[in-house]
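Notes to accompany the following structure.
Only this structure's heavy atoms are used, side chains among them; waters, hydrogens and symmetry mates stay out. Here is how names work: the chains are called A, B, and so on, in the same order as the sequence lines, proteins then strands, and each is numbered from 1.
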Amino acid sequence: MTFLAPLLLLAAAALAVPLLLHLRRQRDTRVEAFPALRYLRSTLRERTRMVRLRRLLLLALRLLVLTLLVLAGARLVLPLAGGDQPPAGVALIVDNGLSSLSVVGEERALEAVREMAMEAVARLGVDDRVWVLATGEPWRPAPPLDREAAAARIRTMDGTAVTGDLDAAVSRARALLRTGSAEPRRILVVSLLAPGTLPSSGPPAAVEDDTPIPLLVGRPALDLPTNRGVARAQVDGGLAPRAGRPISLSVQVTGEPQGGQPFRVVVGDELVSRGVTDDRGEALVELPPQGEGWLAGRVELDPDPLRADDVRHFAAPVLPPPRVDVRGDPGRYLQAAVDLLAERERIEPGPGGISLEAGRPVPGAPSAPTLLLAPSDPADLGGVNRRLRELGVPWTLEPLADHLPPVVVDRSDPRLGLPQGLEVRRRYRLMPPSNGSDAGIEVAVLSDGTPWAILHGGGMGTAGSGAADSGSEERSPAVLLLASPADPVWSDLPTSVGMLPFVSGALDILAGGAATPDVVAGTPLALPAGTTEVEAPDGTRRAADGIGGFAETGRPGIYGFRDETGALLGTAVVNAAAPTSEPFLTPAQAAERWDREPRGRLIVVPGCGE
Amino acid sequence: MSSPSDPRGRRADLLTPEQLAALGGLEFQARAIVEGALLGLHRSPKRGFSSEFAEHRNYRPGDEIRHVDWRMYARSDRYYVKQYQDETNLRAYLLLDVSASMDWSSDPGRIPSKLQVARLLAAALALLLLRQGDRTGLGIFDGTIRSWLAPRGGRGHWAELARRLRDTAPGTATDPSEALRTAGLKLRRRGLVILLSDLLMEQDALLRSLGFLRHRGHQVVVLHLMDPGERDLQGRGQVLFRDPETGDELRVDVTEMRRRYRVEVEEAVARWRGRLGGAGVEHHLVDTGQPLEQALKAVVRARGRMG
């Protein structure tokens with residue numbers, strides 16, 4: 001037996017009212033002369049016992065009604081399972097993600113989610129084991145709890161700006177249940193089933209298992225209001241802005257409504273610009289030039305029921321234009337990109353800065369930060385590998401067969417601006433150092449798991465493992481090596497929209513900075529090498545374990561990465577997912593999606609949603 | 001100025017006791033009631049040629065010449081005969097219960113007590129009977145006979161009878177046995193016995209006493225007086241009721257008992273009516289909140305059946 005609102009049990013004091021009335025009625029009597037007492041006596045003979053009984057029944061009924069009202073107010077729930085039922089293992093997936101922050105009426109939708117989850121917990125048996133999985137906090141461990149502890153966990157659960165991945169949560173729930181010994185098992189999902197919580201890539205395939213796991217989906221019957229939010233706040237088209245130069249800020253509002261939305265741009269604590277979106281929800285504003293350093297700000301809309309996506313943060317390092325010395329044969333595409341960057345004053349062509357090398361290596365190249373693109377002619381590989389050794393890079397390029405099927409870019413350092421799914425038809429094999437040390441960082445990885453680009457040396461961290469170069473007292477210059485030339489025969493990069501951001505981003509990385517990655521809340525942040533602390537938007541600092549990045553990104557804002565001296569190594573921007581106009585799912589649609597469980601059952605909570 | 005029989009444009013026998021009380025003293029009220037009742041009856045039940053002049057009527061062949069009113073003939077040149085109200089051989093006995101229970105009203109400021117209504121009714125009946133030539137007596141009793149007036153006729157007798165009624169104070173407990181037995185022994189000639197009582201007494205004892213009267217050849221009419229508050233419990237909540245005769249007390253929740261009590265009273269009245277009827281006694285319920293016309297008519301009908 002559990003009370004969801006135990007404080008309301010205080011209302012049980014009202015039970016004293018009928019008791020007092022009953023007792024007072026016994027005492028409160030007036031005296032009157034009445035001659036026809038014999039008729040009364042005769043009536044009473046028949047009625048006294050019945051009247052007394054009726055009065056007691058009335059008292060009992062009043063007490064019962066009051067007791068039921070108190071229990072209903074205190075939200076008494078009894079377990080459905082009988083005492084002789086074996087303990088069950090239950091994975092309770094609670095959606096405390098972005099949509100739960102919507103304000104419906106006077107309170108957040110999270111309250112309704114928590115209430116439904118509490119009711120589900122209260123129906124569990126005393127010995128049942130519960131894993132509570134909060135989709136808004138996917139980084140949070142989910143130890144097995146008893147019913148009371150699970151209720152306490154839900155009571156204290158807060159919403160986050162993470163767009164919870166229900167597919168991932170269901171997969172995780174299955175895995176957790178299969179590690180436990182409790183039987184029977186079941187998965188309960190309490191979610192608003194907002195668009196985005198079920199990724200379009202589809203659920204992961206269920207694991208074959210002898211024991212099916214029933215699935216139960218519940219959606220609080222809430223009519224969520226329409227929502228709009230800032231989907232984009234991009235500085236200089238995703239490139240690092242240049243010091244002393246005007247900075248453009250591209251703003252996009254999505255959801256409903258998106259056109260004609262007034263917004264404000266705040267840098268630091270200063271309001272620097274205002275604007276109104278056009279019919280497509282877009283706007284481009286110019287920010288005042290900034291000095292060298294960090295540009296951090298936010299775009300704000302007037303609040304709507306979902307406040308979390310009405311603000312979008314942005315951050316970028318403001319750099320002076322790096323000097324770039326193009327050597328070898330860059331090819332027409334790479335040269336065009338360099339020319340355009342120079343025209344826009346994002347780089348200064350000339351020696352003394354970064355060396356951009358492509359094609360056959362040119363003798364006498366300096367030992368400087370280098371962007372090195374693999375040669376088109378395999379005959380030049382030997383020279384390139386020698387150049388790599390000169391630069392202190394232990395990686396080598398080796399030829400691959402030409403007839404291999406094309407692959408795509410699977411993941412890459414966001415600062416490089418490589419479009420995901422970029423097709424790579426030919427590339428060299430990047431051979432890592434044999435001793436495994438001083439490996440540098442894989443900044444672009446292909447769909448077959450092999451690296452396409454690596455960053456080595458220079459002591460500059462970037463996304464990835466967080467490994468720092470070590471082993472030599474004299475640091476080698478930073479080298480970014482791409483395993484394909486800028487040739488459309490080899491990949492789509494030269495002809496894609498990612499070419500210019502790639503070249504600019506790579507040069508910025510080599511120059512000591514690059515545009516700050518902008519990720520959706522809930523995405524783990526890759527830590528730059530040397531990061532010992534992560535500073536959250538609220539100013540709190542958490543120690544970085546240096547293993548799997550930083551996962552607790554439920555709060556939108558700018559996260560800072562600091563080394564052991566407290567110096568800022570880099571930043572990352574975390575924002576809520578952009579709103580869409582897609583409809584919410586029904587429990588039936590969601591459950592159908594997960595009904596691939598072998599021999600599993602599908603149960604839709606009656607009265608919840610459709 | 002309104003006549004006594006029609007103080008507000010209505011016959012006095014159609015007025016409630018409450019309205020009658022505004023007319024004046026007992027005698028005046030009784031006269032007003034009787035006048036009204038006679039208007040309703042249209043004629044006196046007994047007319048003859050013996051003692052008291054009643055009215056004229058046209059001469060019809062067969063009428064005795066000595067009854068022709070020659071003075072009327074001289075004035076109108078038409079023959080009229082005189083009619084006289086006859087004095088009958090009937091004896092009527094009014095037996096009035098003045099026990100403590102009779103001296104009660106559920107709304108003393110508005111509704112007269114049962115005793116006040118019984119006095120008025122007895123006076124009116126006496127006047128009515130005396131006007132018809134019946135000799136009328138009066139017995140007042142509670143536990144014993146408190147006052148006895150032998151049946152006689154004449155206006156002077158009614159004045160004495162009304163005085164006794166007016167001066168009688170409420171008594172104590174009711175025991176009709178002795179009073180009725182004594183009355184039965186005193187009433188040697190066959191007559192009409194009218195008992196005015198609230199019947200808050202032992203039913204068997206009263207039936208035995210009335211049976212004795214019936215056995216002696218008397219016609220018996222019981223006027224059962226009830227206050228409206230005795231038929232329907234008034235008020236609400238818990239009440240400690242005290243019997244004015246015995247001092248017994250009973251705690252009752254009026255709200256809960258009201259409906260059942262009403263049924264019980266109706267059943268009790270029906271029992272009285274049934275058992276009295278079975279004993280050859282006419283029972284008539286008199287609601288002290290209602291006009292007395294029906295009670296008077298009941299007595300007149302009973303009187304009429306006795307010839």
Determine, stepwise, if the pair E264(B) / R38(A) fulfils salt bridge (Lys or Arg N to Asp or Glu O under 4.0 Å). CA-CA 10 Å; E264(B) 172 62 26; R38(A) 62 181 60 237; over 6 Å; no

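Smallest separation of non-hydrogen atoms from E249(B) and L37(A): N-CD2, 4.3 Å.
Heavy-atom contacts from other residues, nucleotides or ligands closer than 6.0 Å to CD of E202(B) number 12 or fewer. Within 6.0 Å of CG on D223(A) lie no more than 12 heavy atoms contributed by other residues, nucleotides or ligands. Within 6.0 Å of CZ in R181(B) there are 12 or fewer heavy atoms belonging to other residues, nucleotides or ligands.
Residue with the most contacts toward chain A among S106(B), P244(B), A268(B): P244(B) (heavy-atom pairs, distance under 4.5 Å).
Rounded to the nearest 0.5 Å, atoms CZ (R41(A)) and CG (D243(B)) are 7.0 Å apart. One finds the CD atom of E267(B) at 12.0 Å from the OH atom of Y39(A) (value rounded to the nearest 0.5 Å). To the nearest 0.5 Å, atom CG of residue L40(A) and atom CD of residue E230(B) are 10.0 Å apart.
Using cut-offs of 30° and 60° for the angle between ring planes, the W104(B) and F34(A) rings count as perpendicular.
Only the side chain of M226(B) comes within contact range of chain A, with heavy atoms under 4.5 Å apart.
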